[in-house]
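Report on the following structure.
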Amino acid sequence: MFGLPKRIKNYSNRFSLVDGIPFKLPVSAVNSPALMAVFPINAKKAKDFLPAGIHPLVLWKSALLIVTVIDYRETPIGKYVEYSIAIGCTHGEKPAPRLLPAIFMNWFKTGQYVVDLPVSSEVSVKGGKGIWGMPKHQGSLNFLITDDKVSSQYDLDGKLVTYVEIDKPASAWLPIKTKASNYCSFRGMLMKSDIFLNAKAGMNLFSKAKARFVIGDHPRLQALKELNIGKAIATVFLPSIGGVLDDHIESWFLDFEQLPKVAPEGFESVIDLTLSEAWLPPPTAPIPPDSGDNQ
């Protein structure tokens, strides 16, 4: 369980202007529903997606693919959907033991390494990538809640990138008050940021966790198919989260056996972005029929 650090409480109701983006502090979101689906993946293949010093979090024999979509409805930068595709991880010189990082999260520096992070609005890209180093880019996204399903679709260039769907739990009663850590790569550095969550969740585990994750025909995430994605082991629906994004950021140089021949993405990708809260058109690519397996 984690509470807000005192320094965050101390600057409540003050203001910041960072990269031209005005913030009322703390940087928070409220009244925002979210879904999460966790899938087992091949641990050895998962390592290929991770930089040096980041290791797959292994439960039993499998690593974890974590798909989280948040429909941010009230934030300092307006409304937007954020669609995170990540691999559960630990940070350190050596891989962590199995299972323990899920319990002793601080000790093993447990979090998730974000592989892709499309968002609805340009201002969210400008802030999320330029300030916190998150791999944000604008995509066509939605977030749909029905009586029995919660789903989100992610399109680029008119093609389906991914689609996620979970069975909606009967109720959301479980209190969740925790800190979640994101690891991302930007500017040739490993960036770590934290978000403090306070919500109630409906959760299904193992055989009761019903979810579907489809990788479409857009080339962006075809490599995920090599992870041997299994059936969901956990699904979570949060009808209304409260979240505070920490302004404290940690970063380390990414290191390689040889000097990279291509410069990593840098500030040139965000410096000319605007504060526009406009969304791209909603996703329209067809979803393949449900075959009973992730695709």
Side-chain angles (χ1 to χ4, degrees), residues 18-23 27-37 65-86 112 114-146 149-166 182 184-186 193 195 212-225 238 241 243 245 265-288 295:
V18 184
D19 286 348
I21 305 173
F23 293 100
V27 183
S28 60
V30 295
N31 301 325
S32 301
L35 72 83
M36 177 184 290
L65 182 72
I66 304 169
V67 182
T68 307
V69 188
I70 304 176
D71 184 10
Y72 282 116
R73 296 180 178 178
E74 295 183 38
T75 83
I77 56 171
K79 300 178 181 180
Y80 63 96
V81 175
E82 179 181 274
Y83 194 124
S84 168
I85 300 169
Q112 62 174 15
V114 183
V115 176
D116 198 17
L117 193 63
V119 291
S120 302
S121 65
E122 187 170 309
V123 65
S124 180
V125 179
K126 185 178 181 68
K129 183 185 289 186
I131 300 171
W132 285 275
M134 302 173 183
K136 289 190 175 184
H137 60 97
Q138 204 169 5
S140 294
L141 306 170
N142 65 13
F143 190 93
L144 304 177
I145 304 172
T146 66
K149 304 285 186 183
V150 187
S151 66
S152 183
Q153 181 171 340
Y154 162 26
D155 285 5
L156 282 178
D157 310 314
K159 294 183 178 182
L160 176 66
V161 184
T162 64
Y163 171 80
V164 64
E165 175 188 283
I166 67 170
N182 287 316
C184 309
S185 294
F186 183 54
S193 58
I195 185 169
R212 186 177 178 219
F213 183 58
V214 178
I215 301 171
D217 55 0
H218 192 281
R220 184 175 183 91
L221 291 178
Q222 291 299 305
L224 290 181
K225 293 180 178 179
L238 304 102
I241 69 168
L245 184 59
E265 182 182 29
F267 279 133
E268 75 284 347
S269 64
V270 294
I271 198 71
D272 293 324
L273 294 182
T274 72
L275 304 186
S276 172
E277 298 179 14
W279 292 23
L280 297 178
T284 57
I287 308 297
Q295 301 164 347

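Here the side chains of Pro118 and Leu141 are in contact, with some heavy-atom distance below 4.5 Å. Side-chain contact between Trp132 and Asn182 is absent, with no heavy-atom pair separated by less than 4.5 Å. Side-chain contact check for Tyr72 versus Ile77: every heavy-atom pair is 4.5 Å or farther apart. For the pair Pro288/Leu160, a side-chain contact is recorded, criterion being any heavy-atom separation below 4.5 Å from C-beta on. The closest side-chain heavy-atom distance from Met134 to Val114 is not below 4.5 Å. By the 4.5 Å heavy-atom criterion applied to side chains, Phe267 and Asp19 are not counted as neighbours. Side-chain contact between Asp116 and His137: present, with at least one pair of heavy atoms (C-beta onward) separated by less than 4.5 Å.
The distance from atom OG of Ser84 to atom CD1 of Ile70, rounded to the nearest 0.5 Å, is 8.0 Å. One finds the CG atom of Asp217 at 12.0 Å from the CD1 atom of Ile215 (value rounded to the nearest 0.5 Å). Remark: Ile85 CD1 to Ile66 CD1 distance equals 12.0 Å, nearest 0.5 Å. Put simply, CD1 on Ile21 and OG1 on Thr274 are 10.0 Å apart, with the number rounded to the nearest 0.5 Å. In this structure, OG in Ser140 is found 7.0 Å from CG in Leu156, a value given to the nearest 0.5 Å.
Side-chain atoms of Glu74 do not come within 3.5 Å of backbone N or O of Ala29 as any donor-acceptor pair. Judged purely by atom type and a 3.5 angstrom limit, Ser120 uses its side chain to pair as donor or acceptor with the backbone of Val81. Under the 3.5 Å distance criterion, the side-chain polar atoms of Asn142 are left unmatched by any main-chain donor or acceptor of Pro283.
Considering all non-hydrogen atoms of both residues, Ser121 and Ser276 come closest at CB-O, 3.9 Å. Across every non-hydrogen atom of Ala285 and Lys159, the tightest pair is CB-C, 3.9 Å. Taking each heavy atom of Pro135 and Cys184 in turn, the nearest pair found is CD-SG, 3.6 Å. Closest heavy-atom contact between Phe186 and Ser269: CE1-OG, 3.8 Å. When all heavy atoms of Ser32 and Val30 are compared, the closest pair comes out as OG-O, 2.9 Å. Summarising the geometry of Ser124 relative to Tyr80, their closest heavy-atom pair is OG-CE1, 3.3 Å, with the distance given to 0.1 Å.
Residues passing the salt bridge (charged side-chain N to carboxylate O under 4.0 Å, His left out) test with Asp71, sequence neighbours excluded: Arg73.
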Start with the C-alpha distance between Leu245 and Phe23, add both sets of side-chain angles, then the distance that settles side-chain contact (heavy atoms from CB on, under 4.5 Å), and finish with yes or no. CA-CA 12 Å; Leu245 184 59; Phe23 293 100; over 6 Å; no

Does Arg212 form a side-chain contact (heavy atoms from CB on, under 4.5 Å) with Tyr163? I'd like the steps, not just the answer. CA-CA 8 Å; Arg212 186 177 178 219; Tyr163 171 80; 4.2 Å; yes

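Surrounding NZ of Lys149 are more than 12 heavy atoms belonging to other residues, nucleotides or ligands, all under 6.0 Å away.
Judged as a salt bridge (Lys or Arg N to Asp or Glu O under 4.0 Å), the pairs with a partner in residues 118-145 (not counting sequence neighbours) are, in order, Glu82-Lys136, Lys129-Glu265.
Note on ring orientation: taking the six-membered ring where Trp is involved, the planes of Tyr154 and Tyr83 are tilted (angle from 30° to 60°).
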